[in-house]
Every structure is written in C-alpha cells, then in structure tokens.
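All remarks here apply to the structure that follows.
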Amino acid sequence: MIALGGWGSTVVMALGVAFWLWGSWPLLGRASVLRQLHGLSVADGLGSALIVVGLLLRRPPEWPLLVLALGSLLVWNTLLSAVLASSAHGARRPEASAAPLERPPDPHG
C-alpha cells in the first residue's frame, strides 16, 4: 500500500473525479429535479468511492474515518436509489392501483 501512496492515490482520485463528473452530468439539464436525480447513474457514486479510496491510499493513518465515510456514502447512495425507484414506480402507474383486481376463471370448476 505504501508503493501506491504517491502516484497511485493521485491516479485513483483523478479517475474518481472523472467518474464523478461523468455521472453528475445529468444534473446540468433543465429538467425537473426529480427527473435529474432519476437520470443519475452509478458513476457518480463510484467516483465518490474512488476519491475516498485515493485518500485512503494517501493517508493510511486516517483509515477509520475514511472507511466510515465510504460506508456512509454507500448507504446514502443505496437509500437514495431506493427512494427514487419507489417514487418513479408509483408515479408511472396511478391507474393500476385504481383498477380492481380480477381473478381469472378457474379451469377446474
């Protein structure tokens, strides 16, 4: 890990910044906030994680705080994705919840 400390951490953080910018690009549009958030990919979360890993390579004594930050980042991205998926799923099918459920006829009698 010491051999990757200088250049390795810089490369990992630069790759993280590139992923972060690529993944955050949909936020620059003129669509609604929910549509912009729905357009986000996993690239911004991956970029943020790579930046934290690059910091971890550069500053090994700070590993408890950086691991906590990485875990919090992963939990936050997972929860945000779940909220967006559930809100997008509920917004697309309002007529499905209003329709009564019909049971198909039983072929055996």
Side-chain angles (χ1 to χ4, degrees):
M1 190 182 281
I2 299 299
L4 292 176
W7 286 99
S9 66
T10 304
V11 169
V12 171
M13 285 192 290
L15 186 63
V17 169
F19 270 116
W20 190 80
L21 290 174
W22 178 38
S24 300
W25 192 258
L27 294 176
L28 298 176
R30 294 190 179 263
S32 68
V33 174
L34 185 60
R35 184 165 301 278
Q36 288 175 348
L37 288 175
H38 189 67
L40 290 176
S41 66
V42 296
D44 63 329
L46 180 63
S48 300
L50 284 173
I51 291 170
V52 172
V53 168
L55 288 172
L56 183 61
L57 290 174
R58 184 163 292 206
R59 297 207 169 257
E62 304 294 329
W63 73 268
L65 294 175
L66 292 171
V67 169
L68 180 64
L70 187 61
S72 300
L73 177 72
L74 295 175
V75 168
W76 170 253
N77 280 344
T78 304
L79 289 176
L80 180 63
S81 297
V83 167
L84 287 175
S86 67
S87 65
H89 178 70
R92 282 190 202 154
R93 301 179 53 202
E95 69 278 348
S97 62
L101 296 176
E102 294 181 22
R103 186 175 286 195
D106 189 15
H108 300 291

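As the structure is a prediction and not an experimental result, all values here were calculated from the model.
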- Task: Over all heavy atoms of both residues, which pair between Phe19 and Gly47 is shortest? Give the atoms and the distance, please.
- Result: CB-CA, 3.6 Å
- Going only through I, L, V, M, F, W and Y residues with side-chain contacts under 4.5 Å, is there a path from Val53 to Trp22? yes
- Message: Is there a continuous path of hydrophobic side-chain contacts, each under 4.5 Å between heavy atoms, that joins Leu57 to Val11?
- Response: no
- Residues Gly54 and Ser9: closest non-hydrogen pair is O-CB, 3.2 Å
- Query: Leu50 and Leu65: same hydrophobic cluster, using ILVMFWY side-chain contacts below 4.5 Å?
  - Reply: no
- Excluding sequence neighbours, so at least two apart, what forms side-chain contact (heavy atoms from CB on, under 4.5 Å) with Ala49? Leu70, Leu73
- Note on the structure: Those residues at least two apart in sequence (or on a different chain) that pass side-chain contact (heavy atoms from CB on, under 4.5 Å) with Leu66 are Val52, Leu55, Leu56, Glu62
